[in-house]
Colleague: 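One structure is given below, represented as structure tokens, and several questions about it will come after.
Counting starts at 1 for both ligands and their atoms, following the listed order. All heavy atoms count here, side chains included; hydrogens, waters and symmetry mates do not.
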Amino acid sequence: MNRKYLLILLGGTLLAAMACGNRARKPADNTAATHTPTVDVPLFNADSAYRYVKEQVDFGARVPNTPEHVACGNYLAEKLAAFGAVVTNQHVNLPAYNGTMLKARNIIGSYRPEAKKRIALFAHWDSRPWADADPDATKHYTPVLGANDGASGVGVLLEIARHLQTSQPALGVDIVLVDAEDYGAHRAYTGMHREEYWGLGAQYWARNPHVQGYRARFGILLDMVGGKRAIFRYESYSQEFASSINKKVWQAAARLGYADTFVARTGGLVTDDHLFINRYAGIPTIDIVPYSEYSDFFEYWHTVKDDMDAIDRTTLQAVGQTVMQVVYEEQ
Ligand code: AHN
Ligand code: ZN
């Protein structure tokens, strides 16, 4: 082989590598033997997602009827618009369990709204008014910063939105940021604890979607997806309503090397936004929500320690890349 040929070969390899760009490619050796064509999936940037989590937390607790909540809502709508989404705001007054009228705002960012085949991605953007699970009882009426419980799911979806602007998947995508998820009854409440006290914004959206007759092939809810050493199992309502979507997501995670984070075993039942989306909107929707044998969801759940120190980029990366793989592979 002469010198010139080697150079061309090398040059060709370099060019090919450059053409691939900053992208994660589906492994060529497809041992799962699915019929999914090879598809380029953009690389999820956990530093970027982390920044979007921090920018929300920097507003303070995002409790409905507070200026911090209003300011963060504006930030989220601006962010989605800046990432090229068609933004719909649902401003609605929703009564809480204790009679408080919540000025709620669901924020929806739509990509290719004209496309009939769609995927819906959900996260709640409010934070809990009271740290009623804090080990220190004097903190039980302090608002939760909600870095993990709220901001993490939204941060991951904003990073996905940034990619949706430049790389178009085959299906249209709606990013639905629901409000007033975490205004469920305080622990000390002596009345009936009803599941409908949670997920108020999701209940409203499921009964009044941002587009009349809205349909999506499936939905994925992200809740508390930024905790250290988080483990995700098949949540049981998700299994009841959308087991094939659980399988799709956990298989994608395994192919990406995240089988230790996405453990393909059944977890518990979680009363979360997806329950109402399944029940009222009939969109098969799963919940990616942490499973723990030692605590509810994660160590600092509904405590004053749910701050940026509770956030781990490794978990954001595993969840974000997995959801992107599923979104970009869907045909
Ligand atoms: C219950 O505590 C019944 N469900 C958890 C819903 C939730 C709260 N998700 C985040 N914060
Ligand atoms: Zn919560």
Side-chain angles (χ1 to χ4, degrees), residues 53 56-57 60-64 66 69 72 94 96-98 102 104 106 121-135 139-157 176-189 191-206 219-227 230-233 235-238 240-241 267-279 285-292 294-307 310-311 315 319:
V53 176
Q56 295 169 75
V57 172
R62 284 85 61 219
V63 174
T66 67
H69 177 266
C72 186
L94 299 171
Y97 76 99
N98 58 3
L102 305 179
N106 292 334
L121 305 176
F122 303 90
H124 78 88
W125 70 271
D126 61 308
S127 68
R128 185 155 178 77
W130 323 281
D132 55 351
D134 202 283
K139 302 284 199 280
H140 283 190
Y141 291 87
T142 304
V144 176
L145 267 180
N148 198 18
D149 189 359
S152 66
V154 173
V156 167
L157 293 187
V176 184
L177 307 181
V178 288
D179 199 356
E181 188 277 335
D182 232 344
Y183 219 105
H186 191 283
R187 255 186 206 209
Y189 179 64
M192 277 282 286
H193 284 253
R194 299 181 195 276
E195 59 190 12
E196 311 86 61
Y197 294 157
W198 302 88
L200 300 180
Q203 292 184 52
Y204 180 82
W205 180 87
I220 302 175
L221 169 65
L222 308 185
D223 197 4
M224 307 181 249
V225 294
I231 302 283
F232 303 101
R233 286 195 183 193
E235 185 277 327
S236 291
Y237 284 122
S238 309
E240 177 186 341
F241 289 105
L269 278 169
V270 182
T271 303
D272 209 342
D273 294 320
H274 70 309
L275 174 61
F276 307 110
I277 295 157
N278 279 298
R279 268 192 198 156
T285 301
I286 64 152
D287 192 6
I288 301 180
V289 65
Y291 170 90
S292 172
Y294 311 105
S295 55
D296 286 321
F297 309 113
F298 70 110
E299 194 180 353
Y300 302 126
W301 182 66
H302 292 183
T303 75
V304 297
K305 285 186 138 181
D306 182 6
D307 57 19
I311 300 298
T315 306
V319 172

Colleague: If you have a sec, work out which protein heavy atom is nearest atom 8 (C) of ligand 1 and how many Å separate them, to one decimal?
Modeller: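 Going atom by atom, the protein heavy atom closest to atom 8 (C) of ligand 1 ends up being D182 OD1, 3.1 Å.
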
Colleague: List every atom of ligand 1 that sits less than 4.0 Å from any heavy atom of T271, numbering the atoms from 1 in the order shown and giving each element.
Modeller: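 In order of number, 3 (C), 4 (N), 5 (C), 6 (C).
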
Colleague: May I ask you to check whether D272 and H124 show a side-chain donor-acceptor distance below 3.5 Å?
Modeller: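 No, no side-chain donor-acceptor contact under 3.5 Å.
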
Colleague: Please write down residue, atom name and distance for the protein heavy atom closest to atom 7 (C) of ligand 1.
Modeller: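 For atom 7 (C) of ligand 1, the nearest protein heavy atom is E181 OE2, 3.0 Å.
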
Colleague: For the rings on H186 and Y141, is their centre-to-centre separation under 6.0 Å?
Modeller: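 Aromatic pair counts; centres sit under 6.0 Å.
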
Colleague: Near M224, which atoms of ligand 1 are under 4.0 Å from a heavy atom of that residue?
Modeller: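 The atoms of ligand 1 under 4.0 Å from a heavy atom of M224 are 9 (N), 10 (C).
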
Colleague: Among the heavy atoms of H302, does any lie under 4.0 Å from an atom of ligand 1?
Modeller: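 H302 counts as a contact of ligand 1 under the 4.0 Å cut-off.
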
Colleague: Can you tell me if S127 uses its side chain to pair, donor with acceptor, with the backbone of A61 under 3.5 Å?
Modeller: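 Here the side-chain-to-backbone pair does not exist.
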
Colleague: Would you find a donor on one side and an acceptor on the other, under 3.5 Å apart, between the side chain of D132 and the backbone of H140?
Modeller: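 Checking the backbone N and O of H140 against the side chain of D132, no donor-acceptor pair under 3.5 Å is found.
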
Colleague: Taking 4.0 angstrom as the limit, do R279 and E196 come out as a salt bridge?
Modeller: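 Result for this pair is no, no salt bridge flagged.
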
Colleague: Taking only heavy atoms of D223, which atoms of ligand 1 are found under 4.0 Å from at least one of them?
Modeller: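 Counting from 1, the qualifying ligand atoms are 9 (N), 10 (C).
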
Colleague: Protein N/O/S atoms under 2.8 Å of the Zn ion (ligand 2)?
Modeller: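 The answer is D149 OD2, D182 OD1, D182 OD2, H302 NE2.
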
Colleague: Any idea how W198 and H302 line up, ring-wise: parallel (<30°), tilted (30 to 60°), or perpendicular (>60°)?
Modeller: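 Ring orientation, 0 to 90° scale: parallel.
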
Colleague: Look at the side chain of R62 and the backbone N and O of G60, then say whether any donor-acceptor pair between them is shorter than 3.5 Å.
Modeller: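 Yes; at least one donor-acceptor contact below 3.5 Å.
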
Colleague: Need the ligand 1 atom indices (1-based, order shown) with element for anything under 4.0 Å from a heavy-atom of D149.
Modeller: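 Listed by number with element, the hits are 10 (C), 11 (N).
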
Colleague: Does the side chain of D179 come under 3.5 Å of the side chain of H69 through a donor N or O and an acceptor N or O?
Modeller: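 Yes, side-chain donor-acceptor contact under 3.5 Å.
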
Colleague: Kindly say whether V144 contributes a backbone atom to a donor-acceptor pair with the side chain of D306 at under 3.5 angstrom?
Modeller: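 No.
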
